[in-house]
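To start, the structure itself, in structure tokens.
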Amino acid sequence: MTVKVRFAPSPTGRIHVGNVRIALMNWLYAKQQGGTFVLRIDDTDLERSTKAHEDAIRVDLEWLGLGWDESFNQSARFDSYEAAKDRLIETGFLYPCYETEDELDRKRKIQRAQGKPPVYDRAALELTDAQKAAHEAEGRKPHWRFKLSGGRIEWTDLVRGESHIETSSVSDPILIREDGSYLYTLPSVVDDIEAGITDVIRGEDHVTNSAAQIEIFEALAGKGASPRLGHFPLLVGADGEKLSKRIGGLSVEALRDEEGFEPMAILSLLAKIGTSDPVEPRLTLAELVAELDLDKVSRTPARFDFEELKRLNARILHATEYAAVADRLDGAGEAFWTAIRPNIERLKDVAEWRRLIDGPVMPVIEDADYAAKAAELLPEGALDETSWGAWTNALKEATGRKGRELFMPLRQALTGQPRGPEMHVLLPLIPRETVLKRLQGETV
Ligand code: GLU
């Protein structure tokens, strides 16, 4: 059977590194297996879902290079969910419950006090038709629960290996709320069945859902109808802390627009953290497809380290050919790129190099005599990577200065600031005329 997977974000916010890791794993898996990658927009929550967030998700995925073969919205599929609901009611899997939140709370408290797990007691299954009618007459609306088998559910997880859940320790899940709205559980299964999804790859936070969902798959589509399941351990920060607190800063939007990271830096990192493979810069998704191996995924949380992302981004840029970035360099040429490439961490650093080269730079000159001496001793002819060394050596001999005293006035004159790029790289990129003018204190 041809593999078909889906990434199913809810358009209630921006996608962040945690979502991207799941999208990436699905995408890589689909490509590796010659399968199909579906983008499903989980927008059944009509109040919290927005078109703007949906559009942003699409932009983010395309920017990352994770395009989809098919896409659909859950909000367009309520008829299918209604049909599934009716079928589950007919077959006795879905039953109406009338307890209020308070009543359920009270039940759980009593169970806990008795040392029992707070599992729903299925009192609603005992309701007679007359009792149900009485509740309805009072104006109560039912919520609907799925009747679990009470048995042991087993599956071979693509990531976790042999897995099982005793459904007797889980409450019958509510699939439909009092107001008729669907929780995520049922629509997801209906879609997976109707779209022909073969593999569900998602975060470990869905493991408990999986028990119920396997039984819903079977109730709707027969024994063995569940797709293969794979659950990735969660992503945590470098310190092992949950990422949720700083997740805003880890949205694709922030990493792209504010931080200026390269998509392949983000993907190279997310493909390998939490696996036994080393994290290495990769310039193409094809390499990550070839390297994907779910057997190498560790059972412990994957650590996302922002510092590691920075280092990886630098290494990726250092290996990026001019042609691949030319259209993002604002007209700068290949010689410029080759010279500065080893010295930048993000592509946005290029702007600062450009400014130091093209100006305007307001030179800082404290000792005009020293600057004049420097102008006099500037090596003849075209400046290259060796010029800085030759120049400062000559100045050292002529003035007896060394260290900071020797270098800093030159940096201050040529860049107007005490810190910045390596001078031996920068010097040959600045036109000779400009160097001489800056040494005279002219803003150019
Ligand atoms: N919308 C769900 C989520 O974002 C999808 C989970 C799933 O992949 O089944 O958690």
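Read the numbers this way: they start at 1 and go in the same order the structure lists the ligands and their atoms.
Side-chain N or O atoms of Glu287 include one that pairs as donor or acceptor with a backbone N or O of Thr284 at under 3.5 Å.
Those atoms of ligand 1 with a heavy atom of Ser10 less than 4.0 angstrom away are 1 (N). Taking a cut-off of under 4.0 Å to the non-hydrogen atoms of Asp42, the atoms of ligand 1 that pass are 1 (N), 2 (C), 5 (C). Set against the non-hydrogen atoms of Arg202, the atoms of ligand 1 under 4.0 Å away are 7 (C), 8 (O), 9 (O).
Between Asp191 and Arg77, at least one side-chain N (NZ, or NE/NH1/NH2) sits under 4.0 Å from a carboxylate O, which counts as a salt bridge.
Here the closest non-hydrogen pair linking Ala332 and Tyr322 is O-OH, 2.8 Å. Pro281 approaches Ile316 most closely through the heavy-atom pair CB-CG1, 3.5 Å.
Using modelled atom types, one finds no donor on one side chain facing an acceptor on the other under 3.5 Å when comparing Gln213 with Ser210.
When heavy-atom distances to ligand 1 are checked against a 4.0 Å cut-off, Tyr184 comes that close only through its side chain, counted from C-beta outward.
Scanning Ala8, Gly18, Ser210 for the heavy atom closest to atom 4 (O) of ligand 1 points to Ala8. Looking at His231, Arg6, Gln74, His206 and measuring to atom 3 (C) of ligand 1, the nearest heavy atom belongs to His206.
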